[in-house]
2 protein chains.
Amino acid sequence: MRLSTKGRYGVKAMFDLALHSSGEPVPLKLIAERQGLSEAYLEQLMAGLRRAGLVNSVRGAQGGYMLAHSPDNITIGEIIRSLEGSMAPVDCVTEGEVSECEKAEYCVTRIVWRKIRDSINQVVDSITLQDMINDYSSIHKGQ
Amino acid sequence: MRLSTKGRYGVKAMFDLALHSSGEPVPLKLIAERQGLSEAYLEQLMAGLRRAGLVNSVRGAQGGYMLAHSPDNITIGEIIRSLEGSMAPVDCVTEGEVSECEKAEYCVTRIVWRKIRDSINQVVDSITLQDMINDYSSIHKGQ
DNA sequence: AATAAAACCAAGTAGTTTACTTGGTTTTAA
DNA sequence: TTAAAACCAAGTAAACTACTTGGTTTTATT
């Protein structure tokens, strides 16, 4: 049940963007440096986030990335799902897909997988980038 | 965030054991046949479950496996963790391990990973094999 | 107009992990 | 004595991960 680097780096990058956004686009180079990530690899992740409508990009010199919505309107769930796909622990409970397993209707383990999926979705969809900023502020207050 | 076949097959095998236990040990061959799984592969998983104290084995002819506790005293969480390790989405929040990341103390994303981990643990530890048997009974009642 | 900074894009790739299989040995009821 | 079963260790093909490489296109700045 590990998250891959896509989800992990994606959340870090989006948090970095949220923390350092000032109306100006933020170049990937800065995000990569601050978060200690490979710029070329991050580029691929940003493509996914852009396709999902979570960031906007500005090309050319002085370009970069900006959040497409305010930090309190972007959830961790949206970020992770756009990079990793469904949070379903097993394919047969992927949202929006019809299970190809003919036992699906009366499958007992499937009930379990669905509960796990729903629980994960519930947490990740309840955490916004703003929540992370608030956590950051309370950790660093007074410094 | 996919579960590997270890966790999936492990839960299926344990459910099968719970459903078909009558005091007599159940040979792996039967479980594998009923669940449509490879017997040789299941063997490896049973070794893990035995080490975790979730099943007992009886060697020799007429041998097999038995649940080590009653179905209402075995949770899905115990099964999955014994086969897959921690449910932590990221290594730095694996229970009982000290994170080697020197930023761990003031890491904001870590707070997120911990929430996901706790939420997953909470669901899987709340579901017992007895719950699955009950689900099974209500699906098949009247047949 | 030239330069450089940046996003965008496609393909390659080493290493790891997964999901098994194979080929045994040991134990024990019948 | 036989056969059924658990137990054990090692091998392996395929898939996946986490990148890198080598470009192109766009655009603000000089």
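Side chains are part of it too, since the values below use all heavy atoms of this structure and drop only hydrogens, waters and symmetry mates. Note on naming: letters A, B, ... go to the chains in the order of the sequence lines (proteins, then strands), and numbering restarts at 1 for each one.
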Ignoring hydrogens and geometry, is there a side-chain-to-backbone donor-acceptor pair from A:S21 to A:G23 under 3.5 Å? no
B:C92 backbone acceptor or donor facing B:R110 side chain under 3.5 Å: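 Answer holds: yes.
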For DNA chain D, find the residues of [range] with a heavy-atom distance under 4.0 Å and give them by number; none if there aren't any.
{"range": "residues 77-97 of chain A", "value": "none"}
{"range": "residues 35-55 of chain B", "value": "B:E43, B:Q44, B:R50"}
{"range": "residues 59-71 of chain A", "value": "A:R59, A:G60, A:A61, A:Q62"}
{"range": "residues 3-13 of chain B", "value": "none"}

Please name the pair of heavy atoms, one in B:G53 and one in B:H69, separated by the smallest distance, quoted to 0.1 Å.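 Of all heavy-atom pairs spanning B:G53 and B:H69, the closest is O-NE2, 3.3 Å.
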Minimum heavy-atom distance B:P71-B:T128, with the two atoms named: O-CB, 3.6 Å
Can you tell me how far the [atom1] atom of [X] sits from the [atom2] atom of [Y], to the nearest 0.5 Å?
{"X": "A:I76", "Y": "A:D131", "atom1": "CD1", "atom2": "CG", "value": "8.0 Å"}
{"X": "A:L54", "Y": "A:M14", "atom1": "CG", "atom2": "CE", "value": "5.0 Å"}
{"X": "B:L19", "Y": "B:Y136", "atom1": "CG", "atom2": "OH", "value": "5.5 Å"}
{"X": "A:K12", "Y": "B:T109", "atom1": "NZ", "atom2": "OG1", "value": "4.0 Å"}

Quick check for you: name the first and last nucleotides of DNA chain D, 5' to 3', having an atom under 4.0 Å from a heavy atom of chain A. D:dA18 to D:dA28
So B:M46 and B:L17, do their side chains get closer than 4.5 Å, heavy atoms only? yes
Within residues 71-91 of chain A or reaching into it, pairs that qualify as salt bridge (charged side-chain N to carboxylate O under 4.0 Å, His left out) - sequence neighbours excluded: A:R81-A:D125, A:D91-B:R2
Take B:E95 and B:D118 through the test side-chain contact (heavy atoms from CB on, under 4.5 Å) and record every step on the way to the result. CA-CA 10 Å; B:E95 305 91 332; B:D118 290 346; 6.0 Å; no
Does either side chain, that of [X] or that of [Y], offer a donor lying less than 3.5 Å from an acceptor on the other one?
{"X": "B:S119", "Y": "A:S119", "result": "yes"}
{"X": "B:Q130", "Y": "B:N134", "result": "yes"}
{"X": "B:S38", "Y": "B:Y9", "result": "no"}

Are more than 12 heavy atoms, taken from residues, nucleotides or ligands other than B:E24, located less than 6.0 Å from that residue's CD atom?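 No.
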